[in-house]
Every structure is written in C-alpha cells, then in structure tokens.
Amino acid sequence: METRVAQGEPIESALKRFRRQCQKEGVLAEVKKREYYDKPSVKRKKKAIAARRRRRR
C-alpha cells in the first residue's frame, strides 16, 4: 500500500488516510488471520460455528 503526502499536508491527516485505506482493503484482518496456522479441520469447525451463530439471529 502507498499513501502519497501532498506538499504542506499534515502527517496526521496522511496517517488517517493510510489507516482508512488499510481498513478498506482488509490488510489488518488478513494479518490477524495469518498470524498463526489453523489446521483445515479447525477452519471447518470455526466456519460451522459462525454459520450456526448467523442462523440463530
């Protein structure tokens, strides 16, 4: 990802734009997901639990 800072633009606003871009593209969510390895059986189990929770609502 890249965020260009305009001449005279405060760093705070550029940082805010960068964070918004990261959130929009799901960079942090992807990093958290890849933080550790889940076995395929664990992934299936988590997916099934999430589906059950969605159905209950």
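The basis for the numbers below is simple: all heavy atoms, side chains too, and nothing from hydrogens, waters or symmetry mates.
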Taking only Lys NZ, Arg NE, NH1 and NH2, and the carboxylate oxygens of Asp or Glu, determine whether [X] and [Y] approach each other closer than 4.0 Å.
X: Arg4; Y: Glu2; value: yes
X: Arg20; Y: Glu25; value: no
X: Lys16; Y: Glu12; value: no

(message) Rounded to the nearest 0.5 Å, what separates atom OG in Ser41 from atom NZ in Lys46?
(response)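 Taking OG in Ser41 and NZ in Lys46, the distance rounds to 11.0 Å.
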(message) What's the separation between atom CE in Met1 and atom NZ in Lys24, rounded to the nearest 0.5 Å?
(response)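 If we round to the nearest 0.5 Å, Met1:CE and Lys24:NZ are 9.5 Å apart.
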(message) Taking atom CD as the centre, does Gln23 end up with more than 12 heavy-atom neighbours from other residues, nucleotides or ligands that are less than 6.0 angstrom away?
(response)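 Not buried by this count: 12 neighbours or fewer within 6.0 Å.
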(request) With Asp38 as reference, evaluate Lys33, Arg44, Lys43, Lys45 under the side-chain contact (heavy atoms from CB on, under 4.5 Å) test and give the passing residue. (result)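 The passing option is Lys43.
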(message) Taking Phe18's backbone N and O only, do any of them form a donor-acceptor pair with Gln21's side chain (distance below 3.5 Å, no angle check)?
(response)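 Such a contact is absent between Gln21 side chain and Phe18 backbone.
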(request) Quick one: closest heavy-atom pair of Thr3 and Arg17, and the distance? (result)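 Result for this residue pair: CG2-NH1, 3.5 Å.
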